[in-house]
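Sequence positions, counted from 1, serve as the residue numbers for this chain. Nothing here was measured: the structure is a model prediction, and the numbers come from that model.
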Amino acid sequence: MIDNKKIHDKLLKVVKTENIKVDEMLRDHLYTKLGGKADFFITPTTYEEIQNVVKLSNEENIPFTLLGNGSNLIIKDGGIRGIVINLKHLDDISTDGEILVAQSGARIIDASRRALAESLSGLEFACGIPGTVGGALYMNAGAYGGEIKDVLDYAYVVDKEGNLVKRLASELDLDYRTSNIPDNGDIVLEATFKLKPAEYQEIKAVMDDLTYKRESKQPLEFPSCGSVFKRPPGYFAGKLIQDSQLQGTNIGGAEVSTKHAGFIVNKDNATARDYISLIEHVQKTVKEKFDVELEREVRIIGEDLE
């Protein structure tokens with residue numbers, strides 16, 4: 001049993017008071033607008049604070065969970081016990097020649113826009129990805145033929161012992177929508193990308209085209225977690241779902257988008273249970289019709305509501 005008062009007192013010694021919230025509703029921090037409460041919601045402003053929170057969680061045997069900007073995540077209705085860390089205050093982006101350095105709480109979209117401003121090519125694919133830089137590394141985010149592993153040089157992380165460590169891109173096992181960051185228990189602090197000089201207008205034209213494709217095809221008018229499923233080998237998840245005649249199917253307030261079958265939207269005050277049940281229904285139906293296993297791209301964490 002976690003002694004929340006004791007933990008709160010200890011957190012006050014390592015994190016500024018204004019950056020600690022108790023019983024914070026996590027749905028307010030997720031694109032899906034789903035999820036219960038966090039016991040402690042921490043928004044550190046320095047690398048040292050993050051290290052100290054990790055060390056505290058180890059010493060007191062308290063679970064901690066890293067939360068990006070919640071663009072590829074479902075948190076269950078019962079919320080998350082222990083400490084939830086959000087790095088939204090670590091959002092600096094800088095350039096030096098062909099190198100772009102972005103802190104983990106910065107949006108990867110903003111990193112791509114900074115690259116454009118400096119006439120640097122390589123991050124155009126990220127101009128429509130809604131996640132943070134840290135989240136983009138966590139899952140080797142990609143779109144339209146590009147992915148993080150194409151341009152990442154190295155990252156600084158806090159490891160599970162609370163140490164500050166440099167990880168080369170080659171050490172992260174970056175593959176299709178995956179890395180070894182979660183298995184290692186690392187918290188990404190910042191990423192260094194090696195880009196290439198190019199003409200501003202050429203970069204902008206590519207980004208404008210990708211933005212148009214995203215906005216015209218994706219159901220951005222409703223809360224969602226983005227693309228729910230990974231692409232199965234030899235198929236497209238959205239096409240399989242569409243051919244299974246699942247578009248418009250709903251459970252509670254969650255619905256398979258009529259605009260893009262690869263998306264499930266929170267159309268009417270859905271619960272996380274609604275959303276997860278609909279994901280499972282889609283997986284079961286596609287398996288029955290086409291004998292194809294749809295693997296989730298979205299992460300599901302937290303506890304069910306008792």
### Task
Determine, step by step, whether Ile279 and Arg296 satisfy the side-chain contact (heavy atoms from CB on, under 4.5 Å) criterion, reporting the C-alpha distance in whole Å, the side-chain angles of both residues, the deciding distance to 0.1 Å, and the verdict.
CA-CA 8 Å; Ile279 289 173; Arg296 279 190 288 104; 3.9 Å; yes
Look only at the side chain of [X] and the backbone of [Y], and say whether a donor-acceptor pair between them is shorter than 3.5 Å.
X      : Y      : answer
Arg107 : Ile109 : no
Glu288 : Thr285 : no
Asp77  : Ala272 : yes
Asn52  : Val15  : no
Ser121 : Ala198 : no
Gln247 : Thr258 : yes
Glu49  : Pro44  : no
Asp150 : Glu147 : yes
Asn86  : Gly68  : yes
Asn266 : Thr32  : yes

Quick one: closest heavy-atom pair of [X] and [Y], and the distance?
X      : Y      : answer
Arg273 : Asp304 : NH1-OD1, 4.2 Å
Leu246 : His281 : CD2-NE2, 3.8 Å
Leu152 : Thr192 : CD1-O, 3.6 Å
Gly82  : Ile62  : CA-CG2, 3.8 Å
Val265 : Pro219 : CG1-CG, 3.9 Å
Asn140 : Tyr176 : ND2-N, 4.2 Å

With a 4.5 Å heavy-atom cut-off, do [X] and [Y] have their side chains touching?
X      : Y      : answer
Phe263 : Val228 : no
Asp110 : Arg113 : yes
Lys21  : Phe40  : no
Ser104 : Leu87  : yes
Ile108 : Ile148 : yes
Leu11  : Leu56  : yes
Gln283 : Phe229 : yes
Thr45  : Leu90  : no

Could you tell me if [Y] and [X] have a donor-acceptor pair between their side chains, going purely by distance under 3.5 Å?
X      : Y      : result
Glu255 : Tyr275 : no
Glu60  : Ser57  : no
Asp274 : Ser277 : no
Gln103 : Asp91  : no

### Task
Please list, chain by chain and in numerical order, all residues satisfying side-chain hydrogen bond (donor to acceptor under 3.5 Å, both in side chains) with Arg167, sequence neighbours excluded.
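For Arg167, the residues satisfying side-chain hydrogen bond (donor to acceptor under 3.5 Å, both in side chains) (neighbours in sequence not counted) are Asp186.
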### Residues in ring-ring contact (aromatic ring centres under 6.0 Å, His included) contact with Tyr154, at least two apart in sequence or another chain
Tyr156
### Task
Start with the C-alpha distance between Asp92 and Ser94, add both sets of side-chain angles, then the distance that settles side-chain contact (heavy atoms from CB on, under 4.5 Å), and finish with yes or no.
CA-CA 7 Å; Asp92 185 66; Ser94 62; 4.2 Å; yes
### Query
Who else is in Tyr200's hydrophobic cluster (ILVMFWY, side-chain heavy atoms under 4.5 Å, direct or via others)?
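Besides Tyr200, the hydrophobic cluster comprises Leu116, Ile203, Met207, listed by chain and residue number.
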### Message
For Tyr47 and Glu190: C-alpha separation, side-chain torsions, deciding distance, then whether side-chain hydrogen bond (donor to acceptor under 3.5 Å, both in side chains) applies.
### Response
CA-CA 10 Å; Tyr47 295 172; Glu190 64 179 57; 2.7 Å; yes
Please determine whether residues [X] and [Y] belong to a single hydrophobic cluster, defined as Ile, Leu, Val, Met, Phe, Trp and Tyr linked transitively by side-chain heavy-atom distances below 4.5 Å.
X      : Y      : result
Leu189 : Ile93  : no
Val158 : Val53  : yes
Val157 : Phe64  : no
Leu195 : Val133 : yes
Ile99  : Val188 : no

I'd like to know if [X] pairs up with [Y] as an ion pair, taking the criterion as any Lys NZ or Arg NE/NH1/NH2 lying under 4.0 Å from an Asp or Glu carboxylate oxygen.
X      : Y     : answer
Glu303 : Lys76 : no
Lys194 : Glu98 : yes
Lys55  : Glu59 : no

Output a table of donor-acceptor pairs, distance under 3.5 Å, between side-chain atoms of residues 22-29 and any protein atom two or more places apart or on a different chain; print 'none' if there are none.
from  : atom 1 : to    : atom 2 : distance (Å)
Glu24 : OE2    : His29 : NE2    : 2.9

### Distance, nearest 0.5 Å, that separates CD1 of Ile7 from CG of Asp39
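Reported to 0.5 Å precision, the distance equals 10.0 Å.
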#### Entry: Verdict with supporting geometry, Asn163 and Val54, side-chain contact (heavy atoms from CB on, under 4.5 Å)
CA-CA 9 Å; Asn163 303 306; Val54 171; over 6 Å; no
### Query
Which pairs count as side chain to side chain donor-acceptor pair (under 3.5 Å) when at least one residue sits in residues 214-223, sequence neighbours excluded?
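Those involving residues 214-223 do not exist here.
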For residues 232-245, dump all side-chain donor-acceptor pairs below 3.5 Å to protein atoms at least two apart in sequence or in another chain.
from   : atom 1 : to     : atom 2 : distance (Å)
Lys239 : NZ     : Asp243 : OD1    : 3.3
Lys239 : NZ     : Asp243 : OD2    : 2.7
Ser244 : OG     : Leu240 : O      : 2.8

### Task
May I have the step-by-step check of salt bridge (Lys or Arg N to Asp or Glu O under 4.0 Å) for Glu295 and Lys230, ending in yes or no?
CA-CA 6 Å; Glu295 183 182 352; Lys230 296 180 181 180; 3.1 Å; yes
### Message
I need the single residue from Thr43, Leu73, Ile85, Ile80 that forms a side-chain contact (heavy atoms from CB on, under 4.5 Å) with Leu67. Which is it?
### Response
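For Leu67, the side-chain contact (heavy atoms from CB on, under 4.5 Å) check succeeds only for Leu73.
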